[in-house]
Amino acid sequence: MVGHRHCRDRAWMPDGCLVHAGKVEAQTHLARAETGAVKEYAVDVVVVGAGPAGIMAALAAASHGRKAALVERQPRPGVKLCATGGGRGNLTNTLPEEDFLRRFGRKARFVAPALRSFGPRRLKSFLNESGVPTTVEDGWRVYPVSGRASDVRDALVRRLGRSGVELFVGAEVDGLIGSSGRVLGVRSTAGTFSCRAVVLAAGGMTRSDLGGNESGYALAKQAGHSIVRPLPALSPIRASDPWVGRLAGVVLPNAGLRAGRGGAGAVSSGSVLFTHSGISGPAALDISGFVAESLAAGPIELLLNCDQDSGREEWLHRFREWRKAHGARRIVNLLDMALPASFAEVVAETAGVNPARVAAELTADETGRLIESLTGLHITAVGVGSMDEAMVTRGGVELSEVDPKRLASRKAPGLFFAGEILDVDGPTGGFNLQWAFSSGWLAGYNSNFQV
Ligand SMILES: Cc1cc2nc3c(=O)[nH]c(=O)nc-3n(C[C@H](O)[C@H](O)[C@H](O)COP(=O)(O)OP(=O)(O)OC[C@H]3O[C@@H](n4cnc5c(N)ncnc54)[C@H](O)[C@@H]3O)c2cc1C
């Protein structure tokens, strides 16, 4: 095989792995232009996309002695992986399996076989064996001890080298090769690959600066698959309420959000951060996929509970205590004790209560309206961030066309899927990376039986 080199000058260099780098790929183009020749490679399994899903798929395929090629359009593998968790990589979490799956909603049944074949525990020991010990933060989120997601990428790429996987970088796959509906290879800017199985792990559309693009969907469509409309998820939410901008920078650490229309609904919890144009923070990000789907029918109302530990009864009790102990104090100054001052003012304003009102003068009706705002402040969502602001894509390859036990296409024998390219997205907290690792492993493992 020509055009490869042992790339010992890069941080992500996999020991002993053949790396077909961008420069070499440029020479390939030149050679093709001069001679009209297209490079041809013959392997057992081709994996498209060197994100966490694709890397795991290639490792699983190679672990059975198969010859695997991993083809990546960017000049480096795992670029998005390195940016996860603010560069720290929230890799997975410690929730029990049932709770973990519940966070995928109606997609949980599809996710389950992959999670059971390569779950959080197995991922942690796999990373540990690879030289990346992990640690638990906030009681449930798992990060590399080093605090660097790039260490995970580097360790996985070293493992690719030891497994004999051939990694091609700067090489975009632009077509599937098939015969009688069966997938038998791919065309790429580095040449054509013939193989017995192809794993599509090309990711979703978010963050084009980190590799997000639509080409994976085009390849899936070529094999006869339908694509559920891709929408931004885990993205900030824009709101039209005039008071929102006044709260920019305010954080409610223990908030809850509810959204619903016509029977369908969503809830989320965690911290909410007000921005100049709306809300962000984990609770807002987690509900943003539902908001994006619902916006097709117009603005959608969200209900914000500013403190999940305080229900109506707790607030009522607090108001009674305030009336007794601090009857002469302004109501906003009392709310200030539990909440940021600017938020307390918005609560009074939206409840139609004069903020200068003192606790002893509050009527039962005013108290009721204040409690309504504290436990269910109406926020009018009018938009979500763009694909370049979102973290994951909601939508992708239609799940009914893929066998969840093998992650094999039901449309085209020889084709497998892994990671975000599928219509699966989870909330913040390591769910999406775990899905990428788990599905990559399952698809790569099963691609072997095609050989
Ligand atoms: C800023 C940010 C922070 C995040 N933080 C977290 C976090 O802390 N925890 C968490 O669980 N999730 C996080 N996520 C989500 C997580 O990164 C993704 O869900 C995950 O990377 C998906 O893995 P993947 O392998 O399916 O896709 P990707 O990581 O997107 O990899 C797909 C790869 O395929 C390549 N590719 C695409 N098309 C082609 C083609 N035609 N030919 C060749 N190669 C191609 C792309 O260049 C890319 O490298 C974050 C996302 C973002 C954007």
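Order of appearance sets the numbers: ligands from 1, and atoms from 1 within every ligand. Hydrogens, waters and symmetry mates are skipped; everything else that's a heavy atom, side chains included, is used.
Ring centroids of Phe168 and Phe193 are separated by less than 6.0 Å, placing the two rings close together.
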Return a table of N or O atom pairs, ligand 1 on one side and protein on the other, at distances under 3.5 Å, rounded to 0.1 Å.
residue: ligand 1; atom: 5 (N); partner: Gly85; partner atom: N; Å: 3.0
residue: ligand 1; atom: 8 (O); partner: Gly85; partner atom: N; Å: 2.9
residue: ligand 1; atom: 8 (O); partner: Asn90; partner atom: N; Å: 3.2
residue: ligand 1; atom: 9 (N); partner: Asn90; partner atom: O; Å: 2.9
residue: ligand 1; atom: 11 (O); partner: Asn432; partner atom: N; Å: 3.3
residue: ligand 1; atom: 11 (O); partner: Leu433; partner atom: N; Å: 2.7
residue: ligand 1; atom: 19 (O); partner: Glu420; partner atom: OE1; Å: 2.8
residue: ligand 1; atom: 25 (O); partner: Pro52; partner atom: N; Å: 3.3
residue: ligand 1; atom: 25 (O); partner: Ala53; partner atom: N; Å: 3.0
residue: ligand 1; atom: 26 (O); partner: Glu420; partner atom: N; Å: 2.9
residue: ligand 1; atom: 38 (N); partner: Asn213; partner atom: ND2; Å: 3.3
residue: ligand 1; atom: 38 (N); partner: Ser215; partner atom: OG; Å: 3.0
residue: ligand 1; atom: 41 (N); partner: Val173; partner atom: O; Å: 3.0
residue: ligand 1; atom: 41 (N); partner: Ser215; partner atom: OG; Å: 2.8
residue: ligand 1; atom: 42 (N); partner: Val173; partner atom: N; Å: 3.0
residue: ligand 1; atom: 44 (N); partner: Arg73; partner atom: N; Å: 3.1
residue: ligand 1; atom: 47 (O); partner: Glu72; partner atom: OE2; Å: 2.6
residue: ligand 1; atom: 47 (O); partner: Gln74; partner atom: NE2; Å: 3.2
residue: ligand 1; atom: 49 (O); partner: Glu72; partner atom: OE1; Å: 2.7
residue: ligand 1; atom: 49 (O); partner: Glu72; partner atom: OE2; Å: 3.1
residue: ligand 1; atom: 49 (O); partner: Gln74; partner atom: NE2; Å: 3.4

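Side-chain atoms of Ser226 and Glu401 include a donor-acceptor pair closer than 3.5 Å. Using modelled atom types and a 3.5 Å distance limit, the side chains of His225 and Ser409 yield a donor-acceptor pair.
Qualifying salt bridge (charged side-chain N to carboxylate O under 4.0 Å, His left out) partners for Arg148, counting only residues two or more places apart in sequence or in other chains: Asp151. Among residues two or more places apart in sequence or in another chain, the side-chain contact (heavy atoms from CB on, under 4.5 Å) test is passed with Ala218 by none.
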Scan the side chains in residues 272-283 for donor-acceptor partners under 3.5 Å anywhere in the protein, sequence neighbours excluded, and list what turns up.
residue: Thr275; atom: OG1; partner: Ser277; partner atom: N; Å: 3.3
residue: Thr275; atom: OG1; partner: Gly278; partner atom: N; Å: 2.9
residue: Thr275; atom: OG1; partner: Gly278; partner atom: O; Å: 3.2

